[in-house]
Amino acid sequence: MNVQLNPAPVTPVLQATQISKLYGENQGFHCLDIDLYPGEVLAVVGESGSGKTTLLKALSGRLPPQTGQVIYASDEQDIISLYDSSEAKLRQLSRTEFGIVHQHPLDGLRPYISAGGNIGEPLMASGNRHFGDIREQASQWLNAVEIDPCRIDDLPIHFSGGMQQRLQIARNLVTHPKVVFMDEPTGGLDVSVQAKLLDLIRQLVKRLNLAVIIVTHDLAVARLLAHRIMVMRQGQVVETGLTDRVLDDPQHAYTQLLVASVLQQ
Amino acid sequence: MSNFSACLAQAKQPSHYNFGYLDEQSKRMIRRAIIKGVCIPGYQVAFGGREMPMPYGWGTGGIMLSAAILGQQDVFKVIDQGADDTTNAVSIRAFFQQMCQLETTTQTAKASVIQTRHRIPEQPLRHGQIMVYQVPIPEPLRFIEPRETETQKMHGLEEYGAMHVKLYEDIVQYGYIATSYAYPVRVNHRYLMDPSPIPKFDNPKLNRNPALMLFAAGREKRIYCVPPYTQVVSLDFEDHPFAVQQWSQPCKLCGSQDSFLDEVLLDDQGGRMFVCSDTDYCQRQQEKQHECSA
C-alpha cells in the first residue's frame with residue numbers, strides 16, 4: 001500500500017504499528033499502521049470526529065495510545081520508541097526533531113512576545129546564548145516565510161491571521177525538525193492567503209526534505225500538497241494511496257461521497 | 001513614632017502568645033521545609049503557610065521564616081529597601097521585639113538574623129549570619145509560562161531556555177537587558193531562581209556568600225534557600241553580558257561610590273540628590289569620615 005516516491009531512503013522516519021486510542025466506541029482511532037518517509041507529505045482527510053486530530057497527537061508524542069507503538073528514526077543508528085522513552089527525552093525530541101503547527105496560530109505562539117522572540121525561543125531552548133546570532137536567524141526565517149523582517153519586533157497579536165500562521169511555521173522550522181505535524185494549517189484563512197501558504201509549505205518541504213503529516217478536511221489542500229492520502233472514517237482508515245489515484249479514482253464508498261461532495265467547476 | 005516604639009519595647013510579651021508568635025508545630029514544619037530547601041539549593045519547597053497578623057504582600061513569608069528560626073540569643077535586624085526606619089521595617093522589628101523579647105539592632109555587623117525586603121546589606125555578610133528574604137512571586141518562569149503544572153515540569157526537566165526570551169525581549173525593547181530587579185539566577189548549576197525583588201546590583205553578592213540565604217513567599221507558600229558558599233550565576237547572553245547599575249555621582253551624604261543609591265527629588269525645580277539606600281552603611285561611612293576629620 002505504501003508507495004515510495006524517493007527510492008533512496010528505505011527506512012521510514014516515523015513508523016506507527018497497530019496504534020489505537022479510543023475515547024469510546026468510534027471516538028478516536030483503532031489499529032492503524034502508518035509509515036512516513038523523509039520528504040513525503042501525507043494528508044489525513046476525513047469528516048469531523050473521525051479521529052484525525054487524535055491520531056496526529058498520538059503520532060507527535062503528545063497523547064499516549066492505548067495499544068501499539070510509535071517509532072521515530074532520525075537516522076539508522078538512532079531509533080526511538082516514543083512512548084517507551086522518558087518524558088525528558090520525549091520533550092527534547094518534540095522541541096528539536098518535531099514541528100507542530102496548530103490550527104489556531106496563537107495556540108502555537110506566545111502572543112505577547114515579539115515575532116523575533118517567538119522564532120528565537122526554540123533556539124534559546126536548545127542552548128543558543130548569542131543574541132546577535134538568534135536575531136539573525138529569526139530575521140532569515142521571517143524572510144523565508146515571506147514576512148517583512150522589519151516587523152521582527154512586532155507582537156503576533158498585531159499580525160493578520162495568515163501572517164500569524166506563517167510565523168508559527170517559521171517558529172517550528174527554526175530548529176530544523178525532520179517531521180512536521182500540521183493540524184488544518186489553512187483553516188480559517190481566506191482563499192488567496194490559503195493558496196500563498198500552501199505554496200510556501202510546498203517550497204519548504206522540498207527545500208528542507210521534511211516529512212509532513214497534514215490533517216485537513218479540505219480535499220483541495222490535500223490535492224495540492226500531499227503525495228499520499230489517508231481517508232479516515234469513524235476511527236478507521238477506509239482508503240489510502242497516492243493522492244491523485246485516491247481523488248481521481250476513489251474506491252471506497254465514503255471516499256466517493258467525499259470527492260463527490262466537493263463543488264465542481 | 002518614637003513614642004510608639006518605646007511603648008512597644010516596654011510592653012511585656014503577652015502570655016497567651018507563644019515565643020515568636022507561631023506555635024511550635026508550625027515552626028517545626030517550616031524548619032523542615034528550610035532543611036529540604038538547603039539540601040536542594042534553589043528548589044521551591046511548598047509549605048503550609050499560616051495566617052499572620054498582617055496582609056499578604058507585607059512580608060508574611062519572611063515573618064514566618066523569622067518566627068521559625070529566631071531564638072532568645074539572636075540579634076534581629078529588619079530592612080525595607082535597605083532602610084531600617086521605614087514603616088514596614090519598624091513594625092516587623094517591633095513585632096518580634098514584643099513576641100520574642102529579643103535584642104534588635106540596626107547594625108548589619110551585630111545582627112545574627114536579618115529580614116530584608118529588596119536589598120542585601122552593603123557590608124559583607126559573615127558565616128553564621130542568616131538573611132531572610134520576603135518574596136512576592138517565587139516562580140521566575142511565571143512571566144513566560146502561567147501554568148504552575150508546566151513550570152514545575154520545566155524545573156524538573158531543566159528546561160530553562162524560555163527564561164532567556166524575557167532577556168531577549170528586554171534587549172529588543174531597550175537595547176540592553178533592562179530587567180533591574182528580580183533578575184533571574186541559576187543556583188548551583190541546577191535550579192533557576194528568582195532572587196526576590198532585590199536590585200540586580202545585589203545579585204553578585206549572592207554568589208558564594210558566606211551567609212545562609214532563606215527566601216519565603218507567604219501568599220504562594222513556597223520556601224527556597226541558598227546555602228553558604230553556593231554558586232549563583234545571573235543569566236545573560238554572550239554578546240550582552242550581565243552588568244549592574246552604575247551612578248554618575250557618589251552618595252550625597254557619605255560620598256560612597258560603590259553602594260546602591262536612591263534618587264531623591266528635592267523640589268519641583270529639577271533638584272535631586274543620590275543617597276545610599278542602605279541607611280546603616282551610610283551612617284557607618286559618615287562616622288568614619290567624622291573620625292578622620294576629628
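Nothing here was measured: the structure is a model prediction, and the numbers come from that model. The sequence lines fix the lettering, A, B, ..., with proteins before strands; numbering per chain opens at 1.
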Query raised in the report: Once you round to the nearest 0.5 Å, how far does OH of B:Tyr168 lie from CE of A:Met124?
Result: 6.5 Å
**Report entry** Residue A:Ile134 versus chain B: region with a heavy atom under 4.5 Å
**Finding:** side chain
Report summary line: Rounded to the nearest 0.5 angstrom, the CD1-CZ distance for B:Ile144 and A:Arg110 is 4.5 Å
Requested in this report: Write down the atom of B:Asp239, the atom of A:Gly132, and the distance for their closest heavy-atom approach.
Outcome: OD2-N, 2.7 Å
Report task. Spell out the residues in residues 220-228 of chain B that have some non-hydrogen atom less than 4.5 Å away from a non-hydrogen atom of chain A, in order of number; otherwise answer 'none'. Result -> none
Query raised in the report: Where the side chain of B:Glu169 meets the backbone of A:Ser114, is there a donor-acceptor pair that is under 3.5 Å apart?
Result: yes
Query raised in the report: Would one find more than 12 heavy atoms of other residues, nucleotides or ligands at under 6.0 Å from atom OH of A:Tyr112?
Result: no
Query raised in the report: More than 12 heavy atoms of other residues, nucleotides or ligands under 6.0 Å from CD of A:Glu25: is that the case?
Result: no
Report task. Give a yes or no on whether A:Leu63 atom CG has more than 12 heavy-atom contacts from other residues, nucleotides or ligands under 6.0 Å away. Result -> yes
**Report entry** Flag if over 12 foreign heavy atoms under 6.0 Å of OH, B:Tyr181
**Finding:** no
Query raised in the report: With a cut-off of 6.0 Å (strictly less than), are more than 12 heavy atoms of other residues, nucleotides or ligands near NZ of A:Lys57?
Result: no
Requested in this report: State the CZ-CD distance between A:Arg129 and B:Glu238, to the nearest 0.5 angstrom.
Outcome: 8.5 Å
Query raised in the report: Can you say whether B:Leu235 sits under 4.5 Å from chain A via the side chain, the backbone, both, or neither, judging by heavy atoms?
Result: neither
Query - Any side-chain heavy-atom pair of B:His164 and A:Glu121 under 4.5 Å - result: no
Query raised in the report: Mind checking whether A:Phe131 and B:His240 have parallel, tilted or perpendicular rings, split at 30° and 60°?
Result: perpendicular
Query raised in the report: Looking at B:Val172 and A:Arg135, what are the two nearest heavy atoms and their distance?
Result: CG2-NH1, 3.4 Å
Query raised in the report: Does a side-chain N-to-carboxylate-O contact under 4.0 Å join B:Glu150 and A:Arg91?
Result: yes
Query raised in the report: Is it true that atom NE2 of A:His30 has more than 12 heavy atoms of other residues, nucleotides or ligands lying nearer than 6.0 Å?
Result: no
Report task. Can you establish whether the number of heavy atoms outside B:Tyr281 located under 6.0 Å from its atom OH is more than 12? Result -> yes
